[in-house]
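Note that the structure is a prediction, hence the values are computed from the model and not measured. FYI, the numbering just counts along the sequence from 1. One-based numbering, in listed order, for ligands and for the atoms of each.
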Amino acid sequence: MTDTAAPPVFDPSWVRSDPYPQVIAGTEVGEGTRMPLVNPGTGVEVGSWLEATDAEVDRAIAAARKSFDEGTWRRRPPARRAEVLERAAQAIRTRVPELIGLDCVSTGKVFLGGIGYDGYEAVNAFLGAAATIREAAGEVREAAFPPGLFPGDGPRILSIRNREPVGVVAELLPWNAPLFTGSERIAGALAAGCSIVAKPSEESPASFVELAGILREAGLPEGVFNVVLGRGETVGDRLIRDPRVDLVSVTGSVETGTRIYEIAASTMKRVNLELGGKAPVVVFADADLDAVATWAMLAAFNNMGEVCVAGTRLLVEATAYDDVVAAVAGAASGLPIGDQFDARTFIGPLVNAEHADRVRGFVDRAVNGGGATLVGGGTVPDGLNGAFVAPTVLGDLDAGAEIEQHEVFGPVIAAHRFATEEEALARANSTQYGLSASVFTGNIERAFRFADRLVAGNVQINHHYSADSHVPRGTPRRKSGTGLAGVGAYQAPKSIDLNLG
Ligand code: NAP
């Protein structure tokens, strides 16, 4: 957008007046209890959705199973599957403001940022998955039995290794980037040839119901993509226990992932877990410190810190610590806080007041009894409700402090100082998480040495956040999950050996 272009405006008519339904075998249905869709910034009910009944969950799984077993989608040649995904990408592109608006109105996500990042990445996810299957190739090798088992060299074996879709996927999704994260997962699963029952978060069901319509119009056969709405402990639980589901894919917290992993083990389902993080932002004194202040601020406060890869631990070399932390706190204090649809807003409401209370609890415990110093940050303007939390910078945390060890999922930085590279590394690697990390230094050898030793699936040097999903991502370490990324996460290799005689 240029400086002169008018910012997009949220249109309340994008929210359906009827409750959002389930989408089963290509048809919208709904018999369950009506649940409210609330704008966290105003507390006003803006729409509603229907919780899936047991029978609806059952029918959704049956539809996915039937479509997979009949092969209507998985047997389509990859290029034909790619065409559907490409058409879906184009349709999403034309409806980005509406789809992102639905996410923003129910989660507090800031509209302009959501359009620029989440909207772009949702389109990118479908185009990227389509490109992957257009290019995908298996492996062919020649083999033979060990010598001496047969006269001569024995039969020649041609071994073909291909990748099959895993089967029926239960896709459980979070609320912090519903369309973006959901599109990454769904596009990968569809590209692989899987059939899906997706359960968006109860906080953000609307964009996924619309996505189902987009996929249907793009030519996806009925039953391949089904959406059921409801809570994790009811609807989600039924999905993960059902024997007709082959793969459970969870994007969520470590607590949820752990619970689901345990349950899925009893039926030996495959499980992909993309879970929480506590990314360190490690700053050496030889870095470009002006740039660091901006990156560190963005790392922690983008999307109100409700980001799995948010850089919430700021580790700064002692000689630069005071300047860097003061600069980050100064930048934080100027971030506009307000309505998520106001084009000036950087910090909108958190997903709900209960979550905001949880975030404030972490800060209170860190400052009152946890030894942390409140360095600075912003102030919530008068008139805003309890879902708003000002960006906050805490300093001089003790090693192992609660707020250093747990994902807060709010706009809070915990800063620490270090004296040596070894100390920085030990502290950076000192949590249960291993999703993402960044290191800032002017010394390229140190940057690589440090990146090599960081326990994280994704490491950025002199910036934070992966640029876009055009580049492949690493896999999570430690309790951040087990997930593979992209199309491969939904495939199972199969080898077929042919006796050539
Ligand atoms: P969450 O509470 O763990 O929920 C994730 C999904 O799992 C939701 O759809 C939830 O349903 C469902 N669920 C919860 N308990 C369940 C159970 N017992 N059985 C079956 N399903 C269950 O996570 P969230 O609060 O929505 O999202 C924030 C978390 O996601 C953060 O930890 C963040 O780091 C993580 N995340 C990770 C990535 C990544 O790529 N690594 C990306 C984005 C977010 P309901 O919530 O509707 O009840």
Against heavy atoms of R259, which atoms of ligand 1 measure under 4.0 Å? 18 (N)

Sidechain N-carboxylate O distance under 4.0 Å for K269, D242: no

Nearest protein heavy-atom contact for atom 45 (P) of ligand 1: which residue, which atom, what distance? E202 OE2, 3.4 Å

Below 4.0 angstrom from a heavy atom of G276, which ligand 1 atoms are there? Numbered from 1 as shown, please. 32 (O), 34 (O)

Residues R185 and S249: side-chain donor-acceptor under 3.5 angstrom: no

Of all protein heavy atoms, the one nearest atom 41 (N) of ligand 1 is L275 O, 2.8 Å

For ligand 1, which atoms sit closer than 4.0 Å to a heavy atom of L435? 41 (N)

Do H416 side-chain atoms and A428 backbone N/O form a donor-acceptor pair below 3.5 Å? no

Interfacing atoms of ligand 1 (cut-off 4.0 Å, heavy-atom, E274): 37 (C), 38 (C), 39 (C), 40 (O), 41 (N)

Closest to atom 31 (C) of ligand 1 by heavy-atom distance, out of E233, E407, R238, is E407

Measuring only between side-chain heavy atoms, which start at C-beta, is F341 closer than 4.5 Å to C104? yes

Pair F180 and Y117, ring centroids less than 6.0 Å apart: yes

Looking at Q90, I want to see if its CD is surrounded by more than 12 non-hydrogen atoms of other residues, nucleotides or ligands under 6.0 Å. yes

Verify the ring-centre separation between W175 and F409: is it less than 6.0 angstrom? yes

Quick test of your reading of the model: are K199 and D237 salt-bridged, counting only N-O distances below 4.0 Å? no

Please check whether G236 reaches ligand 1 - meaning an N/O of the residue sits under 3.5 Å from an N/O of the ligand, judged on distance alone. no

Per atom 13 (N) of ligand 1, closest listed option by heavy atom (G232, P476, P178): G232

Consider ligand 1: state whether an atom of it lies below 4.0 angstrom from any non-hydrogen atom of R185. yes

The protein heavy atom nearest to atom 25 (O) of ligand 1 is W175 NE1, 2.9 Å

May I ask you to test the N303-D118 pair for a side-chain heavy-atom distance under 4.5 Å? no

What protein heavy atom sits nearest atom 39 (C) of ligand 1, and how far off is it? C308 SG, 3.4 Å

Look at atom 27 (O) of ligand 1 and say which protein heavy atom is nearest, naming residue and atom and giving the distance to 0.1 Å. P174 CB, 3.2 Å

N176 neighbourhood, listing ligand 1 atoms whose heavy-atom distance to it stays under 4.0 Å: 43 (C), 44 (C)

Below 4.0 Å from any atom of ligand 1, is there a heavy atom belonging to S201? yes

Would you call G230 a ligand 1 contact, heavy-atom distance under 4.0 Å? yes

Counting from 1 in the order shown, the ligand 1 atoms closer than 4.0 Å to a non-hydrogen atom of R231 are 48 (O)

Geometric cation-pi criterion R216 and F225, 6.0 Å radius, 45° cone: no

Between S204 and T107, is there a side-chain donor-acceptor contact under 3.5 Å, judged purely by atom types and distance? no

Please list, in number order, the atoms of ligand 1 under 4.0 Å from a heavy atom of T256. 1 (P), 2 (O), 3 (O), 7 (O), 13 (N), 14 (C), 15 (N), 16 (C), 22 (C)

For atom 28 (C) of ligand 1, find the nearest protein heavy atom and state the residue, atom name and distance (0.1 Å precision). F409 CE2, 3.5 Å

Under-4.0 Å salt bridge between R74 and E164: no

Has R360 got a side-chain atom pairing as donor or acceptor with G386's backbone, closer than 3.5 angstrom? yes

What residue and atom, counting heavy atoms only, is the protein's closest point to atom 35 (C) of ligand 1, and at what distance? G252 O, 3.2 Å

Test salt bridge (charged side-chain N to carboxylate O under 4.0 Å, His left out) applied to E404 - qualifying residues, sequence neighbours left out: R427

Ligand 1 versus I260: contacting region, heavy-atom distance under 4.0 Å: side chain

Report the part of K199 in contact with ligand 1, treating N, CA, C, O as backbone and CB onward as side chain, heavy atoms under 4.0 Å; options are side chain, backbone, both, neither. both

Consider every N or O of T181 and every N or O of ligand 1, then say whether any pair is closer than 3.5 Å. no

Can you tell which of I240, T251, L173 gets a heavy atom nearest to atom 8 (C) of ligand 1? L173

